[in-house]
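Notes to accompany the following structure.
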Amino acid sequence: MDNAISIQSASKTFHVGGNTVAALSDVNLEIEQGAFVSLLGPSGCGKSTLLRVIGDLINPDEGGSVAVLGKPAKKARQDRDYGMVFQQPGLMDWRTVQKNVELPLQVAGVGATERAARAKELLSLVRLDGFENHRPRQLSGGMQQRAAIARALSFEPKILLMDEPLGALDEMNREYLQRELLRIWRETGTTIVFVTHSVSEATFLSTDVVVMSPRPGRIAERIQIDLPYPRVDETRNSEAFHRAETEVREALHSVLEPTTAGV
Ligand code: ADP
Ligand code: MG
């Protein structure tokens with residue numbers, strides 16, 4: 001079986017005015033189908049850039065390649081293999097919640113009856129039944145983000161790319177949505193690539209945590225999290241969780257020290 005994502009020698013240099021910014025340097029990464037992989041690192045280390053390279057929103061520099069489900073990333077995007085969720089839900093307030101979830105299907109020409117049925121199913125998956133006819137502004141931030149997740153799942157994508165999707169939520173909502181996201185992941189069987197700068201979030205969610213070092217972004221370490229699923233609230237209090245979290249934190253600190261040592 002092909003890996004969900006296979007990245008070879010991907011670098012990315014941005015040219016701004018006369019300056020160049022090396023955002024990614026020689027990234028090699030294999031992600032198995034069904035994995036939940038977090039990209040963890042300090043702000044500006046290239047997490048979003050790597051996610052955008054995976055999602056074919058930007059191309060890597062010449063010489064790098066990204067294969068998704070055994071095909072070029074561009075083909076994967078055309079085949080609608082990706083769903084994407086960002087920090088801001090990006091819902092349109094003049095449309096109801098259901099009409100927001102229907103939008104990608106509508107753009108793709110799916111008929112009204114079919115897309116309404118699909119949107120209802122998805123809203124039920126993210127536990128927003130009964131809110132179909134609300135406007136986004138009538139929902140809490142966490143509920144809006146659940147609607148954004150439902151919309152991202154409209155084409156049953158094999159790969160869900162999430163860029164700090166819970167970053168704007170308060171602690172309670174965040175922990176609730178972490179559990180919900182794990183449930184959705186297990187129910188749908190998608191492969192998830194999840195960007196975060198939170199050690200505990202990455203540890204709680206992931207099968208694997210990829211620690212990135214700052215500028216130019218490289219993969220410093222990959223840590224497998226051997227905690228059984230389902231992970232629940234008690235998981236956070238377990239000895240095994242604390243050990244895993246410490247391992248991830250230490251990996252992150254070891255990539256940060258070289259740059260802060262001279263400050
Ligand atoms: P992160 O998501 O880890 O915070 P990013 O991937 O957004 O980091 O950015 C990595 C580096 O690349 C930063 O120095 C950022 O300023 C730069 N960068 C990202 N996108 C662009 C762009 N479109 N043009 C120029 N520089 C960019
Ligand atoms: Mg980012």
Side-chain angles (χ1 to χ4, degrees), residues 4-5 31-40 51 54-55 68-69 76 80-91 97-98 100-105 115-132 134 136 139-196 198 200-210 225 227-236 241:
I5 296 160
I31 297 179
E32 284 170 29
Q33 289 190 37
F36 193 129
V37 174
S38 287
L39 306 178
L40 176 72
L51 203 72
I54 293 172
V68 173
L69 303 162
R80 302 202 176 91
D81 289 328
Y82 302 114
M84 298 191 195
V85 182
F86 301 96
Q87 186 166 348
Q88 297 306 325
L91 302 168
V97 169
Q98 180 173 326
N100 268 281
V101 174
E102 284 185 31
L103 187 58
L105 298 166
R115 68 178 191 250
R118 178 81 188 125
K120 273 183 176 302
E121 251 174 60
L122 288 163
L123 286 169
S124 179
L125 176 72
V126 299
R127 304 211 160 126
L128 282 178
D129 321 71
F131 292 94
E132 292 85 353
H134 283 58
L139 306 186
S140 71
M143 291 163 85
Q144 289 182 25
Q145 207 49 313
R146 279 190 270 157
I149 293 169
R151 183 184 52 192
L153 293 172
S154 51
F155 290 103
E156 297 183 52
K158 301 200 176 59
I159 294 165
L160 195 52
L161 303 178
M162 310 187 87
D163 197 345
E164 305 201 35
L166 313 183
L169 305 179
D170 62 64
E171 189 82 11
M172 293 276 286
N173 253 310
R174 193 169 174 148
E175 293 193 353
Y176 172 70
L177 270 195
Q178 287 170 1
R179 294 192 305 273
E180 283 293 285
L181 183 57
L182 287 181
R183 178 183 60 78
I184 292 164
W185 170 59
R186 289 166 70 83
E187 283 181 22
T188 57
T190 49
T191 303
I192 297 186
V193 187
F194 186 96
V195 167
T196 181
S198 160
S200 67
E201 179 164 85
T203 309
F204 182 72
L205 293 172
S206 315
T207 57
D208 299 84
V209 178
V210 169
I225 309 294
L227 300 168
Y229 293 95
R231 295 181 189 167
V232 291
D233 275 342
E234 295 76 69
T235 306
R236 298 181 203 274
F241 179 77

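Note that the numbering runs from 1 along the sequence shown for the chain.
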Give the minimum heavy-atom separation between [X] and [Y], together with the two atoms involved.
X      : Y      : result
Ala148 : Pro89  : CB-O, 3.8 Å
Pro136 : Leu91  : CG-CB, 3.8 Å
Pro157 : Ala152 : CG-O, 3.4 Å
Ala147 : Val97  : CB-CG1, 4.1 Å
Ile184 : Val126 : CD1-CG1, 3.9 Å
Val68  : Tyr82  : CG2-OH, 3.2 Å

Report task. Just do the side-chain contact (heavy atoms from CB on, under 4.5 Å) check on Glu156 and Thr188 with the steps written out, would you? Result -> CA-CA 8 Å; Glu156 297 183 52; Thr188 57; over 6 Å; no
Query raised in the report: Does the pair Glu187/Arg183 count as a salt bridge with the N-to-O cut at 4.0 Å?
Result: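 Looking at Arg183 together with Glu187, the answer is yes, because their closest N to O distance falls below 4.0 Å.
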Query raised in the report: Quick one: do Glu102 and Arg151 make a salt bridge, cutoff under 4.0 Å?
Result: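 Between Arg151 and Glu102 there is no salt bridge, as every charged N stays at least 4.0 Å from the carboxylate O atoms.
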Measure the spacing between [atom1] of [X] and [atom2] of [Y] and express it to the nearest 0.5 Å.
X      : Y      : atom1 : atom2 : result
Leu69  : Gln33  : CG    : CD    : 5.5 Å
Ile5   : Ile31  : CD1   : CD1   : 4.0 Å
Leu139 : Gln144 : CG    : CD    : 6.0 Å
Leu177 : Glu201 : CG    : CD    : 10.0 Å
Glu164 : Leu39  : CD    : CG    : 10.5 Å
Glu132 : His134 : CD    : NE2   : 9.5 Å

Measure from the side-chain N and O atoms of [X] to the backbone N and O of [Y], and report whether any donor-acceptor pair falls under 3.5 Å.
X      : Y      : value
Thr196 : Ser198 : yes
Tyr229 : Leu182 : no
Gln145 : Phe86  : yes

**Report entry** Aromatic ring pairing Phe36/Phe194, orientation class (parallel under 30°, perpendicular over 60°, tilted between)
**Finding:**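 The arrangement is tilted - the two ring planes meet at 30° to 60°.
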Requested in this report: Please determine, by modelled atom types, if Arg236 and Gln178 share a side-chain donor-acceptor pair under 3.5 angstrom.
Outcome: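 A pair is found: one side chain offers a donor N or O, the other an acceptor, under 3.5 Å apart.
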Requested in this report: Evaluate side-chain contact (heavy atoms from CB on, under 4.5 Å) for Asp208 paired with Ile225, printing each intermediate quantity in order.
Outcome: CA-CA 6 Å; Asp208 299 84; Ile225 309 294; over 6 Å; no
Would you say that [X] contacts [Y] through its side chain, given a criterion of any heavy-atom pair below 4.5 Å between the two side chains?
X      : Y      : value
Met162 : Val193 : no
Asp163 : Met84  : no
Arg146 : Phe131 : no
Thr191 : Lys158 : no

Report task. Mind running side-chain contact (heavy atoms from CB on, under 4.5 Å) on Leu161 and Val85 for me, showing each step along the way? Result -> CA-CA 6 Å; Leu161 303 178; Val85 182; over 6 Å; no
**Report entry** Full working for side-chain contact (heavy atoms from CB on, under 4.5 Å) between Thr190 and Ile159
**Finding:** CA-CA 5 Å; Thr190 49; Ile159 294 165; over 6 Å; no
Query raised in the report: In this structure, which one of Arg186, Arg231, Arg127 forms a salt bridge (Lys or Arg N to Asp or Glu O under 4.0 Å) with Glu180?
Result: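 Single salt bridge (Lys or Arg N to Asp or Glu O under 4.0 Å) partner of Glu180 among Arg186, Arg231, Arg127: Arg127.
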Query raised in the report: Taking the six-membered ring of Phe155, is the NZ or CZ of Arg80 close enough (under 6.0 Å from the centre) and on axis enough (within 45°)?
Result: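 Satisfied, under 6.0 Å and within 45°.
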Query raised in the report: Going through the distances and angles, do Arg118 and Glu121 end up as a salt bridge (Lys or Arg N to Asp or Glu O under 4.0 Å)?
Result: CA-CA 5 Å; Arg118 178 81 188 125; Glu121 251 174 60; 2.9 Å; yes
